[in-house]
Amino acid sequence: GASSVLMPFGGRDQQTPAQAMAALLPVGPGHETKTCSVMAFGFDPYRSERNPFVGAAESVVESVAKLTAAGADPKLAYLSLQEYFEKLRDEPSRWGKPFAALLGALDAQLELGCAAIGGKDSMSGSFLDRDVPPTLLSFAIAPILAGEVLSPEFKAPGHPVYLFTGEVPEGIRAAWERFLTLARAGKVKAAWAVEQGIAEGLMQMAFGNRIGFRAEGDRNWYTPMPGAILAELTEETEDAVRL
């Protein structure tokens, strides 16, 4: 609608999907605001099925990373957790899945300093012999000025691309801080929170304006990296890894 700050698909060709929603806050008639809310989600059903604890923790990290990539300050983020699990019945192994997922989400919240202030759960995800995968989606939301919102599509050829990452949790928080410092200085033109790997992120960033990327060196191009952020910068930096 009229309050949208980020289009669902960005770039000249509208081919780069936005990872976050950003919209101006609703105000009364005759009033204006430059403050908007940014919201993003994190969840990978395959990782969650393999390990509900790790999957839920990475859902939290991924949702906050997407907020950060959109230009928001992760220290201002709050979460809403949406949970969906199989019918628990009288089977300890089934009860263990939501318990492990909630512990994983709590662990990530404590590490990142982000609190969940709401949510919804359902334990009815079974039909006959079919069950939903252990599902804990993290929705993160934070305030930001509209002029500070970043979109993910590459903006111009010739700009360097960097990877902001670190070990959980201190390294990731420090990488986000370095990224935001550059963003507030106007040195970040586009950013993408890594989901399925660096290669996927670079391709998504390239589609919107048909600006390619020349890969050099040996990288973990196809390894999921929850918490990592790809960024198109206006200049070189020593605060991240150049790709």
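A quick note: this is a predicted structure, and the numbers were derived from the prediction, not measured. For reference, positions follow the sequence shown, starting with 1.
Contact of the Val64 side chain with the Leu79 side chain is registered, since non-hydrogen atoms from C-beta on lie closer than 4.5 Å. Side-chain contact between Arg94 and Arg89 is present, with heavy atoms from C-beta onward closer than 4.5 Å. The closest side-chain heavy-atom distance from Phe139 to Leu81 is not below 4.5 Å. Under the 4.5 Å side-chain criterion, counting only non-hydrogen atoms from C-beta, Arg219 is in contact with Val241. Using a 4.5 Å cut-off on side-chain heavy atoms (C-beta onward), Arg173 and Leu112 make contact. For the pair Ser122 and Glu83, the minimum side-chain heavy-atom distance is 4.5 Å or more. Lys189 has its side chain out of reach of Leu233: every pair of non-hydrogen atoms, C-beta onward, lies at least 4.5 Å apart. Residues Pro74 and Leu180 meet the side-chain proximity criterion, which asks for heavy atoms closer than 4.5 Å.
Enclosure of atom CH2 in Trp221 by more than 12 non-hydrogen atoms of other residues, nucleotides or ligands within 6.0 angstrom is indicated. At most 12 non-hydrogen atoms from other residues, nucleotides or ligands lie less than 6.0 angstrom from CZ of Phe99. Counting non-hydrogen atoms of neighbouring residues, nucleotides and ligands closer than 6.0 angstrom, the CD atom of Glu91 exceeds 12 such neighbours. For NZ of Lys155, the number of neighbouring non-hydrogen atoms (other residues, nucleotides, ligands) closer than 6.0 Å is greater than 12. More than 12 heavy atoms of other residues, nucleotides or ligands shown are found within 6.0 angstrom of CG on Asp121.
Pairing each heavy atom of Val38 with each of Ala22, the nearest pair is CG2-CB, 4.1 Å. Across all their heavy atoms, Leu202 and Leu230 have their closest contact at N-CD1, 3.9 Å. In this structure, Ala231 and Val188 approach most closely via the heavy-atom pair CB-CG1, 4.3 Å. Nearest heavy-atom pair, Ala206 versus Gly212, reported as atom, atom and distance to 0.1 Å: CB-CA, 4.4 Å. When all heavy atoms are compared, the tightest approach of Ser48 to Pro134 is CB-O, 3.2 Å. When every heavy atom of Ala69 is checked against every heavy atom of Ile229, the shortest pair comes out as N-CD1, 3.9 Å.
Between Glu153 and Arg210 there is no salt bridge, since no side-chain N of the basic residue sits under 4.0 Å from a carboxylate O of the acidic one. With respect to the salt-bridge test (charged N to carboxylate O, under 4.0 angstrom), the residues Arg47 and Glu62 qualify. Between Arg242 and Glu236 there is a salt bridge, since at least one side-chain N of the basic residue sits less than 4.0 Å from a carboxylate O of the acidic one. Ion pair Lys97/Glu86 flagged as a salt bridge, since at least one NZ, NE, NH1 or NH2 atom sits closer than 4.0 Å to an Asp/Glu carboxylate oxygen.
Note that CG of Asn209 is 6.0 Å distant from CZ of Arg12, once rounded to the nearest 0.5 Å. Atom CG of Asp13 and atom CZ of Phe207 lie 11.5 Å apart (nearest 0.5 Å). Taking CD1 of Ile141 as the reference point, atom CG of Leu67 lies at 8.0 Å (rounded to 0.5 Å). Taken to the nearest 0.5 Å, the CG atom of Asp107 stands 12.5 Å off from the CG atom of Leu102. Atoms CG and CE, from Leu6 and Met21 in turn, are 9.0 Å apart once rounded to the nearest 0.5 Å. To the nearest 0.5 Å, atom CZ of residue Phe154 and atom CH2 of residue Trp192 are 11.0 Å apart.
Residue Leu24 is not grouped with residue Met39 when hydrophobic side chains (ILVMFWY) are merged at heavy-atom distances under 4.5 angstrom, including chains of intermediate members. Placement of Tyr222 and Val194 within a single hydrophobic cluster is found when ILVMFWY residues are connected by side-chain heavy-atom separations under 4.5 Å, directly or transitively. Using a 4.5 Å cut-off between side-chain heavy atoms of Ile, Leu, Val, Met, Phe, Trp and Tyr, with links allowed through other members, Tyr162 and Met205 fall into different hydrophobic clusters. Hydrophobic clustering, with ILVMFWY side chains joined whenever heavy atoms are under 4.5 angstrom apart, keeps Leu145 apart from Leu150. A continuous path of Ile, Leu, Val, Met, Phe, Trp and Tyr side chains, each step under 4.5 Å between heavy atoms, connects Ile144 with Val5, placing both in one hydrophobic cluster.
Side chains of Ser80 and Gln82: a donor on one and an acceptor on the other come within 3.5 Å. Under 3.5 Å, the side chains of Ser59 and Ser138 contain no donor-acceptor pair of N or O atoms. A donor-acceptor pair shorter than 3.5 Å cannot be found between the side chains of Gln204 and Gln19.
At least one donor-acceptor pair under 3.5 Å links the side chain of Thr16 to the backbone N or O of Gly208. In this structure a side-chain-to-backbone donor-acceptor pair under 3.5 Å is present from Gln109 to Ala105. Not one N or O on the side chain of Lys87 forms a donor-acceptor pair closer than 3.5 Å with the backbone of Ser124. Panel note: side chain Arg184, backbone Gly71; a donor-acceptor pair is recorded below 3.5 Å. Remark: the backbone N or O of Pro133 is paired with a side-chain donor or acceptor of Thr135 at under 3.5 angstrom.
Cation-pi geometry between Lys66 and Phe41 is satisfied (NZ or CZ under 6.0 Å from the ring centre, within 45° of the ring normal).
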For Lys75 and Glu177, what are the C-alpha separation, side-chain angles and deciding distance, and is it a salt bridge (Lys or Arg N to Asp or Glu O under 4.0 Å)? CA-CA 10 Å; Lys75 294 191 293 293; Glu177 286 290 336; 2.6 Å; yes
